[in-house]
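Shown next, in structure tokens, is the structure this report addresses.
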Amino acid sequence: MALQKINSRILISAITVAFTFFSCANKEVLPSALQGEIADHAMIVSARDEASKIGLEIIRSGGNAFDAMMATEMALAVSYPFAGNLGGGGFMVYRMADGSTGSIDYREKAPAAASRDMYLDENGVVIPGLSTQGAMASGVPGTIAGIFEAQAKFGKLTVAQIFKPVIDLAENGFVVSERQALRLTQLRETFIEVNGPKTFFSKEVKGGDTLKIPVLAATLKRIALNGRDEFYKGETAKAIAAHLKSKGGIITEADLANYEAVWRDPIEFSYKDLKIISMAPPSSGGVTIAQIFGMIQPYLIGQYTFHSAEHIQLLVEAERRAYADRNFYLGDPDFVSIPVAELMAVDYLKFRMEDFSFEKATKSADIAAGEIAFAESMETTHYSILDADGNAVSVTTTLNGAYGSKLYIDELGFFMNNEMDDFSSKAGVPNMFGLIGVEANSITAGKRMLSSMTPTIVEKDGELWMVVGTPGGSTIITSVVQTILNVYEFDMGMQEAVDAPRFHHQWLPDLVSFEPDSFDSLLIANLKSKGYQILENNNPIIGKVDAILVLPSGKLEGGADPRGDDKAVGY
Ligand code: DON
């Protein structure tokens, strides 16, 4: 098989060791479950209290999950500018109450003037910072197109009804959390560097302050009145293009006018009696979790103790192999052909694990340990929605880095993304998440950059069971897998599964990272003795999962990640 040949070349030196199942310890009895928000009818979990509440209010007043998506996304743009956005993009996966599924891709696109080597200097070396900070870092934003497309197709309320509470939020203000104040303070100098001393976020902000953003309220009012074209063809579009030009950017009015969100068939696959529905390329999320679940399925991971060496090794080895495929094969399906079916085929995944042994780590490649640090990664944001009719929506949306490119359009009240960094600026050179790309993800005008965002919905025995997703850059994929496994294989509730410490491996760098102070030193020593390289003392948090579980009673349990200010609300 062609894939098998390529993979054995690019990936893993063939260490063939016999399978050794030497541990079948009984499942650990976990401490009594910490329960999340419980509701009977509807639930929203997002990064901010205000956004969850505004979304739920929309449902209470007769809206559905798609109306609530529009409200929640915009409320996050106001109250969580760290990742909530008008100047970014995202993906939404849905499952209607009748079981039909779909997804929308509102990922940013490279502008028409973008080209393969745009981030390289005359010697072919990547210019530091050009794809991450300032006007050149932005792709053409997709968020407004995405939420309007989804709401127009499935929503029940008017755009004016949905935008009203969000405009009120921008006008009346939201209370800044301690976490927010800390980040805004840390980045204040950078905001000034990129936008000048008079920029909105040059002000000093403390936890507990109320922040009003009247300029953003005005932008939202125009969009509510004139629709999505206000952002892509109207006064707002003109202001975006003019501002970016003045800052040395290349996004034009024509780029904005040409942007369209795209409906795509989601990736769907089975794991035991679960059906998992997730995002297709240009997100790598669906294919990569399908590969990981497919690779571990024969090993009955639930027989091992939670966070035992066996549990961790199985996942790490599957992740190593799946991320290698991700980086080689995946990109924008409108530009490159992707062998999705082959990558997810049972025989192929079995072959990929043939050289796995519990006795010894597989080597990813020759890369010096610790050469690439993982960036602190929670800059994207995820929200999960289940409405009173049983429609589920799973959305991950982002500016990429914290506050995106840091370029703030003061005239409009929002940050622009730095999503261009998700392309491979140069084959083999890692991006800000340490991810290495090749041809499939090279820059081309009009192309979407590869993503790791993994908004996911899970059915059990044909019924809706979980809505899940997270920020975390390259760690998104592994965090989503662990959350599903925590509930399904390790019998946790939703909140407990979200709270549980996480670990991560992404092929290269060949390092296993662990959330700090949460994993036993004997376990770490055991893994080291098997040849695993561990990234120690460098991992703040891995993922920030917001999820909903349908309990056997039919009630809903929300899991809001305590790693942030996240909040589940339901009724
Ligand atoms: O699409 C992606 O994979 C990245 N732009 C996501 C960035 C992210 O999750 C940042 N926060 N951790």
Side-chain angles (χ1 to χ4, degrees), residues 47 76 80-85 87-93 103 105-110 131-133 137-143 146 179 183 187 278-289 322-323 326-327 330-332 373-383 395-406 415-425 430-437 440-441 443 447-456 468-480 502 504 506 513 515 539-546 561 563-564 566:
L76 286 167
Y80 194 62
F82 186 69
N85 66 83
F91 298 105
M92 179 270 276
V93 172
S103 70
D105 162 0
Y106 56 99
R107 182 72 162 164
E108 299 92 325
K109 294 175 76 162
S131 67
T132 54
Q133 189 170 305
S138 297
V140 183
T143 294
R179 276 194 183 88
R183 289 189 206 123
L187 288 168
S278 192
M279 195 63 215
S283 178
S284 60
V287 172
T288 309
I289 65 169
Y323 274 80
R326 173 203 187 276
N327 296 359
L330 303 188
D332 182 347
F374 289 89
E376 177 172 6
S377 48
M378 48 177 192
E379 299 93 334
T380 298
T381 192
H382 177 85
Y383 53 95
V395 184
T396 313
T397 178
T398 191
L399 288 165
N400 194 23
Y403 305 97
S405 62
K406 318 297 189 272
F415 284 100
M416 287 295 293
N417 69 82
N418 61 350
E419 220 74 57
M420 291 296 283
D421 189 63
D422 273 349
F423 278 119
S424 174
S425 290
N431 74 355
M432 63 190 263
F433 300 109
L435 289 168
I436 291 173
N441 191 32
I443 307 172
K447 189 176 176 184
R448 288 166 153 91
M449 53 298 280
L450 184 61
S451 173
S452 298
M453 292 192 280
T454 314
T456 298
V468 59
T470 180
S474 55
T475 70
I476 289 174
I477 292 166
T478 51
S479 299
V480 167
R502 303 187 189 108
H504 173 73
Q506 61 180 44
S513 69
E515 287 189 308
N539 318 299
I541 65 165
I542 297 178
K544 198 160 68 73
V545 177
D546 284 341
D561 205 317
R563 293 163 181 82
D566 303 46

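When a ligand or atom number is given, it counts from 1 through the structure's own listing order. Nothing here was measured: the structure is a model prediction, and the numbers come from that model.
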Among side-chain atoms of His382 and Thr396, is any donor-acceptor pair under 3.5 angstrom? yes
Look at ligand 1 and say whether Arg107 reaches it with a heavy atom at a distance under 4.0 Å. yes
So is Gly472 polar-close to ligand 1, meaning N/O to N/O under 3.5 Å? yes
Which of the numbered atoms in ligand 1 are below 4.0 angstrom from a heavy atom of Ile476? 9 (O)
Looking only at distances, please establish whether an N/O atom of ligand 1 is found under 3.5 Å from an N/O atom of Ser452. yes
For ligand 1 and Gly473, I'd like to know whether there is a polar contact (N/O to N/O, distance under 3.5 Å). yes
Is Tyr323 reaching over with its side chain to a backbone N or O of Ser474, donor-acceptor style, under 3.5 angstrom? yes
Could you check whether Thr288 and Arg326, counting side-chain N and O atoms only, form a donor-acceptor pair closer than 3.5 Å? no
Taking all atoms of both residues into account, what is the closest heavy-atom pair of Gly89 and Glu108, and its distance? N-OE2, 3.1 Å
What part of Thr380 sits under 4.0 Å from ligand 1 if we count only heavy atoms: the side chain, the backbone, both or neither? both
N/O donor-acceptor pair under 3.5 Å between Asn400 side chain and Asn418 backbone: yes
Between Arg107 and Asp332, does at least one N-O distance fall below 4.0 Å, as a salt bridge requires? no
With backbone taken as N, CA, C and O and side chain as the heavy atoms from C-beta onward, which portion of Met449 lies under 4.0 Å from ligand 1: side chain, backbone, both, or neither? neither
